Amino acid sequence: MPDDNNTLSFQEMSEQDIPAAIDLIRKADPQDAAAAEESFRSGRSLPFVLADPDGVVGVTGITPIEDTDASAWLSWTAIHPDLASEELITHLLNQLHEQAQIAGYRKLFATETTMPPPHSASYHRMLTAALRGTGYQIETTHNDYYQPGEGVVYYGLRLRDPDNTTPTHQDNQKDDRGDDRGDNRGVQFTDSDEIPECDDTYYLDWQYTEPPGSTHKDIERWIKKVRKWKGRLLLLSAPTDAKRVRELVRDCGFNEAGTLKDFYADGLHEHHYIYPIQ
């Protein structure tokens, strides 16, 4: 199988490419294969493959993030084990970034485990090095996210610089005196479930509603439910302007766990909060 980048083509994934791409993902991390195939066939992600004359040797892609200004996740990225190298993964990522820029994406986000399975540890080290080498910056880390001892690292990569001639979302949230207006809408905490691929880590979901909405007692009830379900961690995320959410979770003992900068739009970040279940 050739390893000269000049013999490789980078192209959108076709229906015929899916089985070979899933096989590469399965070799990198068996737990990802089923979710990747479902995402590819549903059309939720925009996958690409790297191919040589013998077939698919690499897969990557982007998954657009709903309700954001052109943000996306880096989706499953894998290289044939016989060809895996930091150089080739870097080539794969650079090709993807070029396509994402052409498509108008503003920022990409990626996640990596802090404790990859032994059979793929070498590949994950190469992937991490390639992420950093192509410009991704660590934005936050959650310890014990997947299971005790295994955390998650979030990376971010800007694909275009902010437009300094246009006010950012943060600027638009100032009143005439320059003070933050915030957001006084009510919120309702609606659901909690175990996060896929995690061991007893749960999320707390919410939505805007008419004031006054949920109270501290509602959050405390969700905490009790997750404790009854033997959950270890309860996570919640909220944008910068979700003033009521931030106030409620801080008052209920959630810890500020990090920020994904410019996640929703320039100046509008995603803030993470974690409650350790005792």
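Note that the structure is a prediction, hence the values are computed from the model and not measured.
For K261, the side-chain hydrogen bond (donor to acceptor under 3.5 Å, both in side chains) test picks out no residue, with sequence neighbours left out. For Q31, the side chain to side chain contact (heavy atoms under 4.5 Å, CB included) partners at least two apart in sequence or on another chain are D29. Remark: A238 engages W206, L236, A242, V245 in a side chain to side chain contact (heavy atoms under 4.5 Å, CB included) (not counting sequence neighbours). Looking at residues two or more places apart in sequence or on another chain, you find no side-chain hydrogen bond (donor to acceptor under 3.5 Å, both in side chains) involving T68. R106 is linked by a side chain to side chain contact (heavy atoms under 4.5 Å, CB included) to D69, A70, S71, R158, R160, D262, D266, counting only residues two or more places apart in sequence or in another chain. In terms of the side chain to side chain contact (heavy atoms under 4.5 Å, CB included) criterion, residue partners of T90 (sequence neighbours excluded) are, by chain and number, E86, N94, A130, T134. Scored by the ring-ring contact (aromatic ring centres under 6.0 Å, His included) test, F10 finds F48 as partners (sequence neighbours excluded). Among residues two or more places apart in sequence or in another chain, the ring-ring contact (aromatic ring centres under 6.0 Å, His included) test is passed with Y155 by none. Residues satisfying the ring-ring contact (aromatic ring centres under 6.0 Å, His included) criterion with H97, sequence neighbours excluded, are Y136.
With hydrogens and angles disregarded, a donor-acceptor distance shorter than 3.5 Å links the side chain of T77 to the backbone of S75. S192 contributes a side-chain N or O that, together with a main-chain N or O of Y203, makes up a donor-acceptor pair within less than 3.5 Å. In this structure, D251 contributes its side chain and L248 its backbone to no donor-acceptor pair below 3.5 Å. D144 contributes a side-chain N or O that, together with a main-chain N or O of G149, makes up a donor-acceptor pair within less than 3.5 Å. Checking side-chain atoms of T209 against main-chain N and O of G186 turns up no donor-acceptor pair under 3.5 Å. The backbone N or O of L260 lies less than 3.5 Å from no partner atom in the side chain of T140, so there is not a single donor-acceptor pair. Counting only distance, with no hydrogens or angles, the side chain of D52 and the backbone of D54 share a donor-acceptor pair below 3.5 Å.
With a 4.5 Å cut-off on side-chain heavy atoms, H272 and L235 do not count as touching. Contact check for I274 versus L234: no side-chain heavy atoms found under the 4.5 Å cut-off. Between L96 and L74, the closest side-chain pair of non-hydrogen atoms falls below 4.5 Å. Annotation: side chain of H119 is in contact with side chain of P30 (closest heavy-atom distance under 4.5 Å). Using a 4.5 Å heavy-atom cutoff, the side chains of V153 and T111 are not in contact.
Contact detail for H124 and A28: the closest heavy-atom pair is NE2-O, 4.2 Å. Closest non-hydrogen pair, V57 versus L24, comes out as C-CD1, 3.5 Å. Contact record, H269 with T240: N-OG1, 2.9 Å, taken as the closest heavy-atom pair. Here the closest non-hydrogen pair linking I62 and A100 is CD1-CB, 4.4 Å.
In the model, T201 has no side-chain atom that pairs as donor or acceptor with a side-chain atom of E194 under 3.5 Å.
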Is there a side-chain hydrogen bond (donor to acceptor under 3.5 Å, both in side chains) between S85 and E87 once you walk through the steps? CA-CA 5 Å; S85 68; E87 178 184 11; 4.9 Å; no

Show your working on side-chain hydrogen bond (donor to acceptor under 3.5 Å, both in side chains) between H271 and E256 and close with a plain yes or no. CA-CA 8 Å; H271 303 275; E256 295 186 35; over 6 Å; no

Between E210 and R185, is a salt bridge (charged side-chain N to carboxylate O under 4.0 Å, His left out) present by the stated rule, with each step listed? CA-CA 6 Å; E210 293 297 321; R185 288 176 287 183; over 6 Å; no

Could you walk me through whether F189 and L204 pass the side chain to side chain contact (heavy atoms under 4.5 Å, CB included) test, one step at a time? CA-CA 7 Å; F189 296 93; L204 181 57; 3.8 Å; yes

Side chain to side chain contact (heavy atoms under 4.5 Å, CB included) between D200 and L233, worked out: CA-CA 7 Å; D200 299 328; L233 299 174; over 6 Å; no

Candidate pair I89 and L93, rule side chain to side chain contact (heavy atoms under 4.5 Å, CB included), full reasoning: CA-CA 6 Å; I89 299 171; L93 292 175; 4.3 Å; yes

Trace of the salt bridge (charged side-chain N to carboxylate O under 4.0 Å, His left out) decision for K107 with E139: CA-CA 13 Å; K107 190 167 183 181; E139 304 225 344; 2.8 Å; yes

Side chain to side chain contact (heavy atoms under 4.5 Å, CB included), that's the test. Do V249 and I219 meet it? Break it down for me. CA-CA 8 Å; V249 297; I219 297 179; 4.3 Å; yes

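To the nearest 0.5 Å, the span separating CD on Q147 from SG on C198 amounts to 9.5 Å. Separating the CG atom in D82 from the NZ atom in K27 is a distance of 9.0 Å, to the nearest 0.5 Å. Rounding to the nearest 0.5 Å gives a distance of 9.5 Å between OH of Y146 and CD1 of I195. Note that the CD1 atom of I79 and the OG1 atom of T60 stand 8.5 Å from one another [nearest 0.5 Å]. Atom SG of C252 and atom NE2 of H216 lie 5.0 Å apart (nearest 0.5 Å). Taken to the nearest 0.5 Å, the CD atom of Q11 stands 11.0 Å off from the CD atom of Q95.
Among pairs with a residue in residues 32-49, those fulfilling side-chain hydrogen bond (donor to acceptor under 3.5 Å, both in side chains) read E15-R41, E37-R41, E38-R44, S39-S45, S42-R44, at least two apart in sequence or across chains. Screening residues 226-256 for ring pair (Phe, Tyr, Trp, His ring centres under 6.0 Å), with sequence neighbours left out, gives Y202-W229, F254-Y275. Listed by first then second residue, pairs satisfying salt bridge (charged side-chain N to carboxylate O under 4.0 Å, His left out) with a partner in residues 222-239 number zero, not counting sequence neighbours.
Of the candidates F263, Y154, Y264, F263 is the only one forming a ring-ring contact (aromatic ring centres under 6.0 Å, His included) with F109. Among D23, D17, I22, the one residue that satisfies the side chain to side chain contact (heavy atoms under 4.5 Å, CB included) test with V56 is D17.
Atom CD of Q101 has more than 12 neighbouring heavy atoms from other residues, nucleotides or ligands inside a 6.0 Å radius.
Residues I138 and L131 share a single hydrophobic cluster, defined by chaining ILVMFWY side chains whose heavy atoms lie under 4.5 Å apart. In the hydrophobic clustering of ILVMFWY residues, with side-chain heavy atoms under 4.5 Å counting as a link, Y145 and M115 come out apart.
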